[in-house]
There are 2 protein chains.
Amino acid sequence: MSGKPVQKRTNDDGVDGHSAAVDDRSVAARLFAILDAFAAPAGATSLTLTLTAIAQRAGLPLSTTHRLVAEWVSWGGLSKHENGQYSLGMKLWEVGVQTPTARNLRTIALPYLEDLYETTREHVHLAILDGRDALYLEKLSGHHAVRLISRVGARLPLHSTGVGLVLLAYAPTDVVQEYLATSLQRFLPRTVTEPEAVRKRLAEIRLLGIARMSEEMTAGSSSLAAPIRDRTGQVVAAVSVVTRTTDTVDPEQEQAVRLAAQGVSRALGYRRAQQ
Amino acid sequence: MSGKPVQKRTNDDGVDGHSAAVDDRSVAARLFAILDAFAAPAGATSLTLTLTAIAQRAGLPLSTTHRLVAEWVSWGGLSKHENGQYSLGMKLWEVGVQTPTARNLRTIALPYLEDLYETTREHVHLAILDGRDALYLEKLSGHHAVRLISRVGARLPLHSTGVGLVLLAYAPTDVVQEYLATSLQRFLPRTVTEPEAVRKRLAEIRLLGIARMSEEMTAGSSSLAAPIRDRTGQVVAAVSVVTRTTDTVDPEQEQAVRLAAQGVSRALGYRRAQQ
DNA sequence: CCCAGTACTTCCACTGGACGGAAGCGCATG
DNA sequence: CATGCGCTTCCGTCCAGTGGAAGTACTGGG
């Protein structure tokens with residue numbers, strides 16, 4: 001009875017052995033943690049989660065999770081299914097697709113990507129540089145294209161993908177510096193992970209205006225990627241075509257990727273610098 | 001000095017003349033209101049907003065808005081530009097595209113939509129029924145297609161669009177009942193707004209398995225739309241082709257739309273019910 | 001049939017984080 | 001130099017959010 005009985009929230013850590021590490025996240029941060037719980041597991045598509053699973057992943061007490069999830073549901077950011085599982089809601093999609101960068105680029109680029117798809121009949125990718133990753137904004141594939149891990153919204157490494165290498169090639173030097181400072185994952189025997197070797201490739205890409213990758217991320221697939229520039233001449237995105245690996249590079253395909261990238265660049269207001 | 005000096009938040013409305021109508025929204029609701037501020041203005045793409053504009057649209061005090069917007073920015077849901085304007089952030093896009101309904105349908109349908117685009121060279125739409133609207137999940141257009149208001153993420157009325165009418169035709173009767181109970185907007189002289197006339201059209205669509213619209217939403221454009229069914233036989237989406245209005249209906253185009261819809265349905269696991 | 005286990009929902013007393021008015025700051029404009 | 005506008009920061013107040021605990025609803029094993 002004497003003294004503070006439980007001492008919640010404010011924990012003067014040190015007084016009693018098991019300092020409960022108070023959660024000082026704001027309400028907003030907790031709400032976001034709930035959303036992150038759905039995105040979290042990289043490749044695996046954990047489309048639906050139970051309340052308990054959300055609570056665990058977000059690191060929140062069950063009752064708090066219950067209340068906050070209810071808020072998300074009432075807005076439409078999450079939706080509750082008959083079986084009691086939750087998934088991301090349509091409202092989130094609706095708001096998400098309004099995001100300017102993605103929407104504008106996609107809208108402008110799509111017709112050119114379609115043309116590229118039509119002439120090549122292979123996977124066509126559109127990606128931008130976001131942090132240390134290539135973020136896939138769009139992906140077109142036919143019925144029978146090679147199986148790939150990429151998908152819209154995916155993040156893949158810069159050094160092992162065609163679009164990634166292009167984006168890195170035209171990125172500010174400090175970004176390149178920082179990226180190469182960390183150890184790069186080797187996915188397949190042919191993945192180039194040695195910093196100096198990567199630098200050499202980047203220089204080559206800048207020279208040729210195209211990146212050629214083969215068997216560096218997914219076995220059996222190769223890619224060709226080219227840079228997309230905006231009005232200011234800055235590289236803002238990259239297009240690529242991913243094909244089943246063959247012995248020779250198809251020069252027509254290379255030309256098609258170049259044309260698509262140039263088409264989008266022109267549509268973005270880029271005029272080839274004279275020199 | 002006597003009595004309560006200001007009486008914030010809790011306001012016993014009625015005591016003093018100007019009852020300030022307390023804002024009893026939760027933190028979550030306020031955060032959502034901020035996002036809604038960006039989506040709000042229907043057609044107009046209010047891509048970026050100033051802090052003050054957000055505060056106004058969300059109906060929040062400036063200082064509160066300032067704090068909450070900062071939370072969004074730190075998570076990545078909003079991003080702040082050099083000029084001080086805010087826009088929806090990439091994180092929101094990233095989370096949004098993970099939404100199961102949209103992602104699954106899109107992924108499966110896209111190859112068929114591409115085929116349809118290729119054979120027709122016209123706008124191709126994929127939409128689902130959401131509330132009282134047709135929600136556009138995907139849109140493919142060539143370089144020179146007719147100018148339209150539809151776009152990915154857009155909501156358009158059910159009675160004046162091809163996809164909308166198809167979705168309505170196969171919707172539960174109570175949805176139809178409720179939809180037709182309200183007065184339908186006439187966009188062009190040819191828009192059918194009379195409930196009984198609409199019902200007749202819906203019956204016709206169910207009979208033919210295709211909807212034909214002409215000059216009912218956008219001047220100069222017509223559309224052909226067909227239903228997409230899932231494994232259970234339920235209509236879950238609709239595809240359409242929108243063309244410049246011509247005198248006659250192209251039977252090949254009609255066939256192409258039907259084929260695309262059937263292709264997607266089959267890919268979703270639908271097997272034609274034997275009579 | 002009962003009881004234990006698991007998962008979700010509701011309740012409610014406590015309190016610290018959210019609130020927002022106000023003051024401060026930075027910048028353009030007259 | 002004054003004025004106004006929009007953004008940022010500050011800080012005392014107080015109630016919304018919190019989360020432990022109890023309640024409910026299934027499920028499945030003995």
Side-chain angles (χ1 to χ4, degrees), chain A residues 1 3-13 16 18-34 37 46 48-75 78-87, chain B residues 1 3-13 16 18-34 37 46 48-75 78-87:
Chain A
M1 200 179 268
K4 316 151 183 179
V6 177
Q7 181 74 312
K8 300 194 248 183
R9 300 230 205 164
T10 36
N11 104 331
D12 35 331
D13 50 331
D16 66 328
H18 56 301
S19 55
V22 206
D23 184 353
D24 60 351
R25 283 179 286 181
S26 66
V27 186
R30 290 163 202 230
L31 281 164
F32 300 151
I34 286 176
S46 78
T48 62
L49 293 175
T50 65
L51 189 64
T52 316
I54 298 173
Q56 278 170 356
R57 287 164 183 247
L60 292 171
L62 193 60
S63 56
T64 302
T65 310
H66 183 258
R67 199 163 15 84
L68 296 184
V69 162
E71 298 261 22
W72 274 117
V73 170
S74 82
W75 182 64
L78 292 180
S79 60
K80 188 176 186 170
H81 300 240
E82 339 66 50
N83 55 25
Q85 303 243 357
Y86 294 88
S87 68
Chain B
M1 196 180 274
K4 317 153 181 180
V6 176
Q7 184 74 313
K8 299 194 249 183
R9 299 229 204 164
T10 37
N11 105 327
D12 35 332
D13 47 333
D16 68 326
H18 58 301
S19 57
V22 206
D23 183 353
D24 60 352
R25 284 180 288 181
S26 65
V27 184
R30 291 164 202 229
L31 281 164
F32 300 152
I34 286 176
S46 79
T48 63
L49 294 175
T50 66
L51 189 65
T52 316
I54 299 172
Q56 278 170 355
R57 286 165 182 245
L60 291 170
L62 192 60
S63 54
T64 302
T65 309
H66 183 257
R67 201 163 13 84
L68 296 184
V69 162
E71 298 262 22
W72 275 117
V73 171
S74 82
W75 182 66
L78 292 181
S79 59
K80 188 175 185 171
H81 300 241
E82 338 66 53
N83 54 25
Q85 302 243 356
Y86 293 88
S87 69

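Per chain, numbering begins at 1; letters A, B, ... match sequence-line order.
Looking at the side chain of A:Tyr86, the nearest of the listed nucleotides C:dC19, D:dG17, C:dT9 is C:dT9.
In this structure, the CD1 atom of A:Ile34 is 13 Å from the P atom of D:dG17, given to the nearest Å. Rounded to a whole Å, the CG atom of A:Asp24 is 11 Å from the P atom of D:dG19. Atoms CD (B:Gln56) and P (D:dG6) sit 8 Å apart, rounded to a whole Å. Atom NZ in A:Lys80 sits roughly 11 Å away from atom C1' in C:dA7 (whole-Å rounding). Rounded to an integer number of Å, the gap from A:Leu49 CG to C:dA7 P is 14 Å.
You'll find the side chain of A:Tyr86 stays beyond 4.5 Å of the side chain of A:Thr50, heavy atoms only.
Ring planes of B:Phe32 and A:Trp75: parallel class, angle under 30° (limits at 30 and 60°).
Not one N or O on the side chain of B:Arg57 forms a donor-acceptor pair closer than 3.5 Å with the backbone of B:Ile34. Counting only distance, with no hydrogens or angles, the side chain of A:Thr64 and the backbone of A:Leu60 share no donor-acceptor pair below 3.5 Å.
A close approach under 4.0 Å does occur between a side-chain nitrogen or oxygen of A:Arg30 and OP1 or OP2 of D:dG19.
Within residues 60-68 of chain A, the residues having any heavy atom closer than 4.0 Å to DNA chain D are, in order of number, A:Pro61, A:Ser63, A:Thr64, A:Arg67, A:Leu68.
When all heavy atoms of B:His81 and B:Ser87 are compared, the pair lying nearest together is NE2-OG, 2.7 Å.
With sequence neighbours left out, A:Gln85 forms a side-chain hydrogen bond (donor to acceptor under 3.5 Å, both in side chains) with A:Thr48.
The nearest heavy atom of DNA chain C to A:Leu51 and to A:Ser26 marks one nucleotide each, and the one closer to the 5' end goes with A:Leu51.
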